[in-house]
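Have a look at this one before I ask anything.
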Amino acid sequence: MYAIGFPGYNQPMDISHILDPLNKAQRAAVAAPSGPSLVLAGAGSGKTRVLTHRIAYLVRGHGISPHMILGTTFTNKAAREMHGRIETLLQAPFHGMWLGTFHGLCHRILRLHPEAAGLPENFEIVDSDDQLRLIRRVLKNLDLDEKDWPPRQMQWMINQHKDASRRSARLPSGHGGIWEKMLHRVYADYEEVCQKSGLVDFAEILLRTLELFQNNQAIRETYQQRFQHILVDEFQDTNTVQYQWLQVLSARHRNLFVVGDDDQSIYGWRGAKVENILSFEKDFPGANVLRLEQNYRSTGTILTAANAVIAHNSGRLGKNLWTKGSEGSPIRLYDAHTEDDEARFVVEQLRSWIRQGHRRDEAAVLYRSNAQSRVFEQELVRQDIPYRVYGGLRFYERAEIKNALAYLRLLSNRDSNHSFERVVNLPARGIGDKTMGIILEHARLKQVSMWQAGAELIAERGISPRALAALSGFQNLIMQMAEDTAGLGLGELTGHVLKQSGLFAHHKNERGELARGRVENLQELVSAAENFVREENETQDDLSAFLDSAALQAGEGQSEEWEDCVQLMSLHSAKGLEFPLVFICGMEEGRFPNQKSLEEGSLEEERRLCYVGMTRAMQQLVMSRARRRWQYGQSHVNPASRFLAEIPGEYVERIRSPGWDGAESGEVLFRGGTPPQTAGFDGIRLGHQVRHRKFGAGTVVGMEGQGIHARVQVHFADAGMKWLICSYANLEPI
DNA sequence: GTGGCCTCTCTTTTT
DNA sequence: GAGAGGCCAC
């Protein structure tokens, strides 16, 4: 039994249930003395466990008030889970600790001190979609062609600067060509637009808070004083601003406890710096450095294979994961012809796994890019196996949801220009580019919001009668809505706004499969509003709090309850999760490692991603590659991923696909616009003369397969011998 | 002002 | 192949 005496009013408490279940290394971390600590925690070594137990230990063992603890996690979901685990451990409700994402916590601080941070009280969070829109506007105002100045690159550039805490005003000027000068101009103009309209993007939330701390001694000291203990999860994925923020915040008590794994750093492309781990010891001299190397998740085989792959990276801090567990079965490697073949194999394996009595949600299919989910979905539907796809279109990023939120935002803040722009003509009410141009110009000249500009234009009859009627109709609608919904609860309010705005009717009248989903999403938004629970100590009204929360958790928001489904997700989203059975698909050069990553020199990050994927598996790991795969409407033949070759052969059981493979490396097959039908195949016989859009006339000399994958071999007079997907769009009998 | 066609692009993703 | 944005005709 461990009992710790400490000064003060609290009684020493029995904390054996907090320390006893831990191994030696974990216990050393949890009970680490005060001061800076760096815990290097390998995959499956009980990282989250250490964090939750450390918090419980501080509270129970040292009588630290939860109010004095701050913890950061990578996602909102992780924060919720951690909170739940702490409550279980303490066997009591747990309140007062600041636990959330960097963005969530910084946002909270900005809401408490908007003025000191140089923001209007009703500042608004813009997501990356809105940010892109704003950048487009800036480019247009600067008369820059989007072809020469791709908005996405501009966005990337701006966020890159902000993540590294570089303001446009502080960028080095002088040297650098016209291109660089213009980049700085775009950044500066963008900053100005945001500042003027009270808009704050994600990177800004962090940078603003850091600057608030740097520039305001009183506020800085309040928080430095308050947070006696700061704990950080996924430290390898913090960016420069986040690390600086942590350094400032922990300066007084120096109790910064960070947990991370340099081998699992997979967010370098969005500003994360693994180097933060390396510099921790330098920045915090005398830091307590601990290693967790015992893995409790995977079989010996999986672990050895993953270790072998990651060993190909240089510049690691180095650690060696080991397990007391069994060797387990070898890693299965399937060599598929095509992505359909790959999907069939995976789903077949899933079926037999389920037949053995396993739960479906114990299995996950992982891939490098979300687009790859399609084939698996098709096959799962065909075989009638329930599944769930993570990622892709996020709930709060869907257009219909953002439209609804824009109406809600206008109720709470008429002067929200970007909400005004978004829905002033949705559903269509006759306010087009022309009228919008007049409103924008008026707003610019008079330095007022677009709503205000509209009102003034109506009053002075500054627009055509038709536009005037439409615009005042819109303004009356919003004011009427505000009146009708006064005093209603969030859920009712949302439902009312959806009806009265005409959004419900608008989407109901749309035809097609997609439209039905939109109506469902809107209904889901109503229930999300109904179930919305605000955080403690919020200063805002319900509606504003709801809108902020929507912006800050674009990811989830949909009902969490999914019964027993096979899990499909990207390798990135799999971080932090574990499954008894894991498939990693699309193990091909160009796909994984991804071509763009290779060009950008981030092969090592791809390898870490592979390591993350492999270490998700507890009992069985299956990897697959397809020799031929459709990419952007063309069929490509790709060599196997180099990562497969990095796994020692003795841990691998190769499974070869039966059947035909006529492709040669590098060969490209063309397919036309319409999906190929058997009809096209039926129409063509051996010896037929055919014409191809690109290759001209030729003779059919071979045939293979049927249905979608029917192929013919054609000898073209000009282009020589080709294997082609048989589609009448490309290939016609002559 | 609206709707339909054409062209272009196409990682990863949470906030 | 698929979606998004731009351009042009009603």
Side-chain angles (χ1 to χ4, degrees), chain A residues 72-79 100-107 125-133 136 145-147 150-152 156 159 162-163 200-206 234 237 239 241-242 266-272 366-372 374-375 390-394 396-397 399 425 427-437 464 466-467 470 514 548-556 569-576 586 590-600 602 605-606 608-609 612-613 630-635 670-676 727 729:
Chain A
T72 72
T73 56
F74 194 65
T75 62
N76 289 303
K77 194 170 154 224
T101 60
F102 279 102
H103 291 87
L105 298 169
C106 287
H107 172 248
I125 304 167
V126 291
D127 63 19
S128 22
D129 222 46
D130 300 325
Q131 186 186 33
L132 195 63
R133 223 177 288 267
R136 287 218 160 92
D145 193 334
E146 291 194 1
K147 285 207 180 67
R152 287 201 173 277
W156 186 82
N159 290 335
K162 287 193 177 186
D163 286 344
V200 173
D201 61 46
F202 290 131
E204 185 72 29
I205 294 177
L206 304 177
E234 309 281 12
D237 285 320
N239 65 31
V241 169
Q242 290 166 340
I266 54 174
Y267 284 96
W269 51 274
R270 65 172 217 225
L366 310 182
Y367 32 75
R368 179 63 176 83
S369 73
N370 282 315
Q372 282 169 260
R374 221 193 72 222
V375 258
Y390 285 79
L393 280 153
R394 292 165 189 295
Y396 285 108
E397 278 172 8
N425 200 33
R429 41 175 78 88
I431 301 167
D433 285 348
K434 183 111 183 282
T435 314
M436 283 307 281
S464 74
R466 229 170 71 184
L514 279 171
D548 279 349
S549 126
L552 281 174
Q553 39 189 343
E556 296 298 321
M569 67 186 81
S570 70
L571 286 150
H572 281 90
S573 340
K575 184 169 100 157
R591 175 152 295 264
F592 190 34
N594 180 275
Q595 188 56 41
K596 273 233 168 78
S597 300
L598 292 174
E599 286 160 15
E600 285 164 12
S602 33
E605 183 155 310
E606 293 286 298
R608 292 195 290 267
L609 190 56
V612 166
W630 288 108
Q631 264 165 313
Y632 309 140
Q634 288 188 341
S635 172
F670 292 94
R671 178 158 70 174
T674 43
S727 145

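Just so it is clear: chains get the letters A, B, ... in the order the sequence lines come, proteins before strands, and each one is counted from 1. From a predicted model like this one, the values you see are computed outputs, not experimental measurements.
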Atom OH of A:Tyr267 to atom C1' of B:dT11: distance rounded to whole Å?
12 Å
For atom CG of A:Leu132 and atom P of B:dC10, their distance in whole Å:
12 Å
Roughly how many Å is it from CD in A:Glu397 to C1' in C:dG3, rounded to a whole number?
16 Å
Pairs under 3.5 Å (N/O, protein and nucleotides 1-6 of chain B):
from	atom 1	to	atom 2	distance (Å)
B:dG1	OP1	A:Gly432	N	3.2
B:dG1	OP1	A:Thr435	OG1	3.0
B:dG1	OP2	A:Asp433	N	3.1
B:dG1	OP2	A:Lys434	N	3.1
B:dT2	OP1	A:Gly430	N	3.0
B:dT2	OP2	A:Asn425	ND2	3.0

Looking across every strand, which nucleic acid part, if any, lies under 4.0 Å from A:Gln242 by heavy atom: base, sugar-phosphate, or nothing?
nothing
Where is the tightest heavy-atom contact between A:Arg429 and A:Asn425, given as atom of each residue plus distance?
N-OD1, 2.8 Å
Search all heavy atoms of A:His103 against all heavy atoms of A:Ile205 and return the closest pair with its distance.
O-CG2, 3.7 Å
Taking side-chain hydrogen bond (donor to acceptor under 3.5 Å, both in side chains) as the definition, give me every residue that meets it alongside A:Asp237, ordered by chain and number, with sequence neighbours left out.
A:Lys575
Residues in side-chain hydrogen bond (donor to acceptor under 3.5 Å, both in side chains) contact with A:Thr101, at least two apart in sequence or another chain:
none
Give a yes/no answer on whether the side chain of A:Asn370 brings an N or O atom under 4.0 Å of OP1 or OP2 in B:dT11.
no
Of all residues at least two apart in sequence or in a different chain, which pass the side-chain hydrogen bond (donor to acceptor under 3.5 Å, both in side chains) check with A:Arg133?
A:Asp129
Applying side chain to side chain contact (heavy atoms under 4.5 Å, CB included) to A:Thr435 and not counting sequence neighbours gives A:Ile431, A:Ile439, A:Ile463, A:Ala467
For A:Ser128, which contact category applies under a 4.0 Å heavy-atom criterion: base, sugar-phosphate, or nothing?
base
A:Phe592: ring-ring contact (aromatic ring centres under 6.0 Å, His included) partners, not counting sequence neighbours:
A:Phe643
Candidate nucleotides B:dT12, B:dT15, B:dT11, ranked by approach to the side chain of A:Phe202 - the nearest
B:dT15
Output all residues satisfying salt bridge (Lys or Arg N to Asp or Glu O under 4.0 Å) with A:Asp163, sequence neighbours left out; order by chain, then residue number.
none
Regarding A:Lys596 and A:Glu599, does a basic nitrogen lie under 4.0 Å from an acidic carboxylate oxygen?
no
Assign B:dT9 to syn or anti; the rule is syn for a glycosidic angle within 90° of 0 and anti otherwise.
anti
Going by the rule salt bridge (Lys or Arg N to Asp or Glu O under 4.0 Å), which residues pair with A:Arg136 if we only count those two or more places apart in sequence or in a different chain?
A:Glu146
Can you check the A:Leu598 CG to B:dT12 P distance for me, whole Å?
15 Å
Could you tell me the separation between the NE2 atom of A:His103 and the P atom of B:dT15, rounded to a whole number of Å?
9 Å
For A:Gln631, enumerate each residue passing the side-chain hydrogen bond (donor to acceptor under 3.5 Å, both in side chains) test, keeping only those at least two apart in sequence or located in another chain.
none
Whole-Å distance between B:dC10 P and A:Gln372 CD?
17 Å
CZ of A:Arg152 versus P of B:dC10: gap in Å, rounded?
9 Å
DNA chain B: stems of at least 3 consecutive Watson-Crick or G-U pairs whose donor-acceptor distances fall under 3.5 Å:
B:1-10 with C:1-10
How would you list, by chain and number, every residue that makes a ring-ring contact (aromatic ring centres under 6.0 Å, His included) with A:Trp156, sequence neighbours excluded?
none
Could you tell me how far apart A:Gln631 (CD) and B:dC10 (C1') are, to the nearest whole angstrom?
10 Å
Might you list the N or O atoms of the protein lying below 3.5 Å from N or O atoms in nucleotides 5-10 of chain C, with each pair's distance?
none

Between A:Arg368 and A:Thr101, which has a closest nucleotide on DNA chain B that is more 5'?
A:Arg368
